[in-house]
Amino acid sequence: MKPINPHVLTPTMVRIKEAADMTGHERFFRLRLPRPLGHRPGQFVMVSVPGIGEAPISICCGPGDHDRLELLVRSAGSLTMVLQRLETGDQMGIRGPFGTGFDLADFEGRDVLFVAGGLGLAPLRSLIEPLILDRQRFGRITIISGCRTPAEELFGREMRTWARAPGIRVIRLVNDTAHLPWDGEVGLVTAPIAGLDMDPAATLAVLCGPPVMYKFVIMELAARGLAHDRIFIDLERRMRCGIGKCGHCQINHLTCCQDGPVFRLSSVESLPEALA
Amino acid sequence: MMMNKNLVMNKDYLVPLLRKLAKTHRLVAPVRNEYGDTLFTIITDLDRTEIDLDHQPQASLKPYFFPQTDTLCRYVIDCDPATGAMDYSFHVQLPQNRPTVYVGVRSCDMFAVMYTDMVFLHEHERDVYYKQRRDNAIFITIACNTPFDNCFCNATRSGPFLESGFDLQLTDLGDRWFVETGRARGAGLTEDWACFFRPADEADKRAQFQAELEARGRFKQLVHVDLASKLLAEDKVPESIFRDLSSRCQDCGGCAFICPTCTCFNITDQPRDEAGGERVRSWDACTFSGFTAMAGGHNSVDVETGRIRRRFLHKLQYDVDRHGRPSCVGCGRCVGMCFGGVDMIRFISMISEAGENGAEAGE
């Protein structure tokens, strides 16, 4: 039996090394950890501000034996609103990492297609980073990232840098240029899929975005002949504990915090409410 | 393997035995209060307290192991007066471990403790707060000779008599208790206080067998729990039942709070003063409209039509898949609690009726 950890529900306070607004309502944080988390891509941490509360936030940096932790926080609720005001040198509470995340071994030698809608790019970045870092281990990489307007684009500069690496194609989209300068494409993330040079037998797709996006992207991928066990989706749920007990993130017999938040589509598509 | 022993104790010896145990243990037993409510109560003065073994305690033992609000940790805010800089820290806060004897526990409630053990001590991370309270607990259970009006533990296979889980199980034989020892601590207890017990003879065993047999014939409810699990597994439950019952739910959470096996919780911060506060977990209910609502407003559950789905499916389908048995223990408390009639018996009757009609229609 697993030894008991009395501190699993008690956060550790961590210093913010760097804080910067990425858009009008998303703030990027780089934290320095007392010791490496040893996280896997796709995992998340519970982030706290004492007196305000706690919420699950995806880790957006790649794995590795480093003391760096990067988070991108959108202002959505009472906690994330307060997080927007934190500066370099301030502290936030961290518990985790939680969830199963991605196994890099699954991606070895495969072509990988990422489809990110809005903030969905943040968790995917934790997988994109290691794939780019170890290029020869993996096949071609295609990243389709969409957002509403150019002002809301996340990691724009980074995506342009990724695009310069060999064997990587980055398609950046906005729904609407909103009269702002824009060097990418205009349209929905579903649009480029039909025209991609893609071998469905050698490709894995990884999706993260709002629930409505999944439905339409999955239809496009199915039209290209991609089997559902080759599609990974990252599901977002309300979470309180991160250890499979509080019940909030339960999807039928699964708990999103322990069995996910990354799932193969084939393992959840038949579950009511999973893709809702 | 240790054999379970069968003993007999004079009816009048129970309180003297408890008096002995109270010297080293905290006592918790059903007590009828001045309002006429029977509740599990911490007994501080055995001589001035009347233990009520005739009524079903209105609440289960759940709050003793998983309190309605429970401090997980404290947070401390240090403000440097010179610079105004804030420094925060969290400190884990564990509950006291108090050896406790729980007396007069019915089979359903004992079974519920065994289920919550599975949730808190055997699945995923082990829960230190639950464990602190659960360690050193002794259970003296009481077999139900006469099931109460809403009881259906015969259908959930969690009563009215237990075969394991208890330390001692008492069966009322009129003028005497038939005493079975279960776990090692119970056997130890009968050895430590051997003066209160005598070995059961053939007549005692026959009387106990008779009591159990008669009890099984006294249930007023006929609830098809296994059929319900089967219909759910085969996806043969009409959506209209979930819609209908969801619309009757009044968002009070009473069913989950009174349920001995509901363990969902929320975690919130409660400021105490300028210098800090507590992080607290408190009972939550999956039927609450905001239970799955995320910051920003998205909700993966359509509250109007599906809020009660999770509650019933968890108990009758997911836990059957995971543990081989439903996590409803048939105590019937939700039946008495819900004024909208959204209870386990109603749900099971509705789906078994729909299943029968479906079968007749040749589906």
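Values reported hereafter were calculated over all heavy atoms of this structure, with side chains retained and with hydrogens, waters and symmetry mates removed. So you know, we letter chains A, B, ... as the sequences are listed, proteins then strands, and number each from 1.
- In this structure, A/R240 CZ and B/C264 SG are separated by 12.5 Å, a value rounded to the nearest 0.5 Å.
- The OG1 atom of A/T12 sits 9.5 Å away from the CZ atom of B/F90 when rounded to the nearest 0.5 Å.
- Between the side chain of B/R310 and the backbone N or O of A/I251 there is no donor-acceptor pair closer than 3.5 Å.
- Between B/D284 and A/H248 the shortest side-chain heavy-atom distance falls below 4.5 Å.
- A/H253 and B/D319 share no side-chain donor-acceptor pair at under 3.5 Å.
- Residues of residues 73-98 of chain A lying within less than 4.5 angstrom of chain B, judged on heavy atoms, are A/A76, A/G77, A/Q91 in numerical order.
- Of the possible polar contacts, one joining the A/K245 side chain to the B/E125 backbone as a donor-acceptor pair under 3.5 Å is found.
- In this structure, B/F291 CZ and A/C249 SG are separated by 9.0 Å, a value rounded to the nearest 0.5 Å.
- Interface remark: A/E273 contributes backbone and side-chain atoms alike to the contact with chain B (heavy atom separation under 4.5 Å).
- Heavy-atom distances place the side chain of B/H298, and not its backbone, under 4.5 Å from chain A.
- A/H7 NE2 to B/L94 CG: the interatomic distance, rounded to the nearest 0.5 Å, is 8.0 Å.
- Contacts between A/P211 and chain B at a heavy-atom distance below 4.5 Å involve the side chain alone, from C-beta outward.
- For the atom pair OG1 of A/T255 and CD of B/E123, the computed distance is 9.0 Å after rounding to the nearest 0.5 Å.
- Side-chain N or O atoms of A/R238 include one that pairs as donor or acceptor with a backbone N or O of B/A293 at under 3.5 Å.
- A side-chain donor-acceptor contact under 3.5 Å links A/S48 and B/R279.
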